[in-house]
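This report concerns only the one structure given below.
Reminder, nothing fancy here: chain letters follow the sequence lines and each chain counts from 1.
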Amino acid sequence: MGFNTELAGLLDEMAAMLELLGANRFRVNAHQKAARVIKDHPTDLSTLAEDEKALTAIDGIGKGMAEKIREFASDECLAEHDELLSKVPAGLLRLLRVPGLGPKKIKLLWEELGVESVEDLRRVLDDGSAAELKGMGAKTVENIKDSLEFASKADRRLPIGMARPIAEAMLERVRGVKGVTRAEYAGSLRRGKESIGDIDILAVAKDEKAAQALGETFRGGDGVVKVLAAGDTKSSVRVELAAFGVSSNRWVLDDSDQTVQVDLRIVPAESWGAAMMYFTGSKEHNVKLRERALARGLTLNEYGLFPEDDEDTPPQQRGVKPVAGKSEAEVYARLELAELPPTVREDRGELGLGEDGELRLIRVEDIRADLHTHTTESDGRMSLEESAAIAKERGFHTLAITDHSKSSAVANGLSVERLRKQIETIHEADKQTTGISLLAGSEVDILVDGSLDYDDDVLAELDVVVASPHVGLKAKPAQATKRLLKAIEHPLVHIIGHPTGRLVERRPGLEPAMDELIAAAVEHDVALEINAHWMRLDLRDTHVRAAVEAGCKIAIDCDVHHAEDYDNLIYGVLTGQRGWLTPDLCVNAWPKKKLHDWLSSKR
DNA sequence: GCCGTTTTCGGCCCGACTGTTTTCAGTCG
């Protein structure tokens with residue numbers, strides 16, 4: 001595990017333990033925020049450990065956290081973390097993940113009944129002693145029991161490619177209710193995050209009757225296995241994936257009985273923009289916006305942006321007229337900000353975006369080429385002609401066929417002889433085809449020692465070389481860095497495919513020193529890939545952000561095997577946007593000549 | 001523990017729902 005990830009994990013645990021010990025909640029927040037910022041930071045912070053100034057310049061890192069970074073870099077542990085561990089039983093941290101159980105109740109159960117683990121919890125729930133505690137009752141006990149049952153299935157976040165079809169299906173139901181005038185999904189799904197904890201849907205109903213019908217339809221729909229909340233304006237349900245025909249396609253996951261929470265909020269039409277912002281988040285982005293509002297004598301909530309006064313009752317309940325709220329654009333404008341796309345709302349410094357001119361992030365319609373696709377020659381399911389027809393239909397000017405190289409035996413990798421024959425076939429097909437250029441390429445394995453799977457004379461015959469790691473994905477960070485650097489420095493390589501080999505929520509993959517790889521890629525004019533398949537999304541958003549800041553070229557490719565894989569482009573583009581990627585750095589968005597000139601410059 | 005276009009001290013976002021309560025605490029997002 002990398003330094004940042006490991007330290008962030010410790011700080012998160014410290015926050016949890018502090019919470020259980022009843023520490024000041026702002027101190028808890030500070031630890032959580034530092035953990036998030038450190039986890040997302042593109043540079044390995046151990047390299048800055050002695051530079052207190054550079055560390056405290058990072059938002060959320062003060063003197064104390066800078067000292068912790070230094071301590072962890074030199075001692076590989078945190079004394080304060082160890083000290084907290086001696087005070088809090090480790091099993092309690094697991095209990096924090098049970099929905100409906102928070103630090104206060106856990107603390108109560110621990111202090112009054114000696115609960116230190118899930119097993120202890122089950123016991124006191126069953127023998128009735130938990131129900132005797134102050135603030136607990138029969139209903140609370142029932143809810144915690146239910147949560148325990150669901151916890152194991154609900155624990156895992158859903159890859160975006162599985163969550164989106166469910167959200168679309170739920171939206172269709174919601175929009176089908178008479179009197180519903182508007183409905184969209186919000187939350188992390190709208191922000192295009194790689195994985196989703198729950199699905200948030202917002203709707204406008206034209207009157208109370210419609211709102212009531214909407215709630216009933218939502219809670220009673222197919223696939224709903226539990227109703228968690230049923231208020232006038234808010235309903236929460238848990239649905240099972242199986243009911244929506246969602247599966248993980250070519251990756252076999254044990255997701256047959258998995259469920260996901262779906263929340264519905266019914267909001268007034270005049271609050272639509274404020275509500276969308278509120279429920280799209282991120283939470284941290286919203287906090288920044290509210291602070292900004294307060295500094296301007298305004299207060300922001302999900303009903304709108306209101307003049308700040310000292311009353312306790314929320315302004316919308318006193319008939320106060322909002323100064324903005326109908327649309328997101330209106331609220332951002334009133335806060336003197338450019339309207340920010342949902343994908344950048346992560347409290348990663350985005351409030352300054354678009355200040356100096358137009359904010360123009362990559363879009364799906366910018367993409368005019370796919371440079372990483374497979375055919376039936378290796379492990380794809382389409383012929384060259386079938387794939388070319390789809391690419392042409394999508395308006396692409398270039399399609400590169402990059403089947404697997406010889407070491408990928410399970411993927412039917414091509415021998416040198418087969419590859420040479422395929423190059424001829426593709427070049428011939430290119431001559432016969434109008435409207436799209438077909439390029440002969442290969443997805444060449446980066447072997448464990450960093451060398452490539454074909455000799456240089458073979459590679460030189462290819463129009464496009466995508467070099468990707470497929471095996472040895474558990475290597476130590478230092479070794480991974482060395483291996484990938486060697487591939488980047490190879491003069492015949494254009495693109496590094498799925499650089500870490502991670503799978504979302506399934507496999508961590510390699511953890512190379514990304515800043516070194518990015519610097520090398522810039523120096524050797526190599527593009528790093530965002531593999532758009534939703535199980536990969538590799539590079540991930542934070543890597544893209546670091547690459548973009550360094551001026552590194554990025555390729556967004558679908559790694560097409562099946563016809564429907566072309567539809568994964570949206571996920572790659574969303575990930576690009578989350579890394580603030582602009583069209584000028586994305587090779588797939590370039591005009592044909594510019595792209596082909598770049599490719600041939602390496603020949 | 002962090003932070004500063006009133007501040008280096010004294011703040012730190014806001015509301016819905018639930019369950020156990022006679023006015024609110026806990027949890028969630």
Side-chain angles (χ1 to χ4, degrees), chain A residues 11 14-15 18-19 22-37 55-69 80 95-109 131-144 146-147 186-189 191 196-202 215 227-236 261-267 271 274-275 277-306 308 312-317 336 347:
Chain A
L11 291 175
M14 285 176 66
L18 286 167
E19 218 173 359
N24 177 301
R25 73 186 172 92
F26 298 109
R27 201 174 152 215
V28 174
N29 284 349
H31 279 78
Q32 285 169 340
K33 174 161 190 189
R36 180 175 63 86
V37 166
L55 290 176
T56 52
I58 302 168
D59 185 39
I61 307 293
K63 253 183 143 50
M65 288 298 168
E67 170 52 25
K68 286 201 175 61
I69 293 170
E80 203 185 329
L95 293 185
L96 275 172
R97 291 209 292 271
V98 178
L101 255 193
K104 298 280 168 56
K105 284 205 179 78
I106 295 174
K107 188 161 184 265
L108 190 70
L109 289 160
E132 306 283 312
L133 294 176
K134 189 173 156 55
M136 303 265 282
K139 190 74 202 201
T140 306
V141 165
E142 267 321 295
N143 285 343
I144 298 173
D146 279 352
S147 293
S188 50
L189 185 57
R191 299 203 309 279
I196 269 73
D198 52 30
I199 296 170
D200 300 290
I201 291 177
L202 251 62
V227 176
L228 302 163
D232 291 339
T233 61
K234 179 186 168 176
S235 288
S236 279
Q261 183 173 329
V262 188
D263 296 336
L264 170 72
R265 300 291 292 240
I266 303 173
V267 303
S271 304
M277 287 174 72
Y278 183 82
F279 290 105
T280 296
S282 67
K283 192 170 175 251
E284 293 80 7
H285 174 82
N286 286 342
V287 168
K288 277 282 190 317
L289 291 185
R290 286 194 214 105
E291 285 170 357
R292 192 177 173 98
L294 284 177
R296 284 164 175 71
L298 300 165
T299 179
L300 177 63
N301 62 29
E302 61 261 55
Y303 295 95
L305 189 58
F306 298 88
E308 167 74 341
D312 279 341
T313 326
Q316 70 276 7
Q317 289 177 19
E336 297 165 73
D347 186 25

Please list, one pair per line, the donor and acceptor atoms closer than 3.5 Å that link side chains of residues 132-143 of chain A to other protein atoms, with sequence neighbours excluded.
none

Indicate every side-chain donor-acceptor pair of residues 28-36 of chain A with a distance under 3.5 Å to a residue at least two apart or in another chain.
from, atom 1, to, atom 2, distance (Å)
A:His31, ND1, A:Arg27, O, 2.9
A:Lys33, NZ, A:Asp59, OD2, 3.0
A:Arg36, NH1, A:Glu346, O, 3.2
A:Arg36, NH2, A:Asp347, OD2, 2.9

Under 3.5 Å, which donor-acceptor pairs do the side chains of residues 296-306 of chain A form with other protein atoms, sequence neighbours left out?
from, atom 1, to, atom 2, distance (Å)
A:Arg296, NE, A:Glu336, OE2, 2.8
A:Arg296, NH1, A:Arg292, O, 3.4
A:Asn301, OD1, A:Tyr303, N, 2.7
A:Asn301, OD1, A:Gly304, N, 3.2
A:Asn301, ND2, A:Gln316, OE1, 3.1

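Atoms CG (A:Asn286) and C1' (B:dC12) sit 16 Å apart, rounded to a whole Å. Taking atom CZ on A:Phe26 and atom C1' on B:dG1, their separation rounds to 11 Å, with Å as the unit. Between A:Glu291 atom CD and B:dC14 atom C1' there is a gap of 12 Å when expressed in whole angstrom units. The CD1-P distance, from A:Ile106 to B:dT27, rounds to 8 Å in whole Å. One atom, CG of A:Asn24, and another, C1' of B:dG10, lie 12 Å apart when rounded to the nearest Å. A:Glu302 has its CD atom 18 Å from the P atom of B:dC28, to the nearest Å. In this structure, A:Arg25 atom CZ and B:dC14 atom C1' are separated by 11 Å, rounded to whole Å.
Residues satisfying the side chain to side chain contact (heavy atoms under 4.5 Å, CB included) test with A:Ala230, not counting sequence neighbours, are A:Arg219, A:Val227. With sequence neighbours excluded, the residues satisfying side chain to side chain contact (heavy atoms under 4.5 Å, CB included) with A:Ala66 are A:Glu52, A:Leu55, A:Thr56, A:Ile61. By the side chain to side chain contact (heavy atoms under 4.5 Å, CB included) test, A:Asp263 pairs with A:Asp198, A:Asp200, A:Ser236, A:Gln261, sequence neighbours left out. With sequence neighbours left out, A:Thr280 forms a side-chain hydrogen bond (donor to acceptor under 3.5 Å, both in side chains) with A:Arg190.
Taking the P atom of each, B:dG10 and B:dG15 are spaced 26 Å apart, rounded to whole Å. Remark: the separation of the C1' atoms in B:dA16 and B:dG11 is 26 Å, to the nearest Å. As rounded to the nearest Å, B:dT23 and B:dC28 have P atoms that lie 26 Å from one another. Comparing the P positions of B:dC14 and B:dT8 gives an interatomic distance of 23 Å, to the nearest angstrom. Here, B:dA25 and B:dT20 have their P atoms 16 Å apart, quoted to the whole Å. The separation of B:dC12 from B:dT7, taken at their C1' atoms, amounts to 13 Å, rounded to a whole angstrom. Distance noted for atom P between B:dT6 and B:dG1: 28 Å (whole Å).
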B/S/- contact track for nucleotides 17-26 of chain B, protein heavy atom under 4.0 Å: SSSS-----S

Under 4.0 Å protein heavy-atom contacts per nucleotide of nucleotides 2-8 of chain B, with B for base, S for backbone only and - for none: SS-----

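No engagement by A:Leu289 is indicated, since no non-hydrogen atom pair under 4.0 Å with the nucleic acid exists. Residue-level contact check: A:Arg265 touches the backbone only, with heavy atoms under 4.0 Å from sugar-phosphate atoms and none from bases. Counting non-hydrogen atoms under 4.0 angstrom, A:Ser236 reaches nothing in the nucleic acid. As judged by a 4.0 angstrom heavy-atom cut-off over every strand, A:Tyr303 is placed among residues touching the sugar-phosphate backbone only.
For B:dC9, the paired nucleotide is B:dG4, the pair qualifying as Watson-Crick or G-U wobble because both relevant distances are below 3.5 Å.
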Trace of the side-chain contact (heavy atoms from CB on, under 4.5 Å) decision for A:Leu264 with A:Lys234: CA-CA 6 Å; A:Leu264 170 72; A:Lys234 179 186 168 176; over 6 Å; no

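Counting heavy atoms from C-beta on, the side chains of A:Glu80 and A:Lys68 come closer than 4.5 Å.
Residue order along DNA chain B, read from the 5' end via each residue's closest nucleotide, puts A:Leu298 first among A:Leu298 and A:Asp198.
Across every non-hydrogen atom of A:Gly197 and A:Ser188, the tightest pair is N-OG, 4.3 Å.
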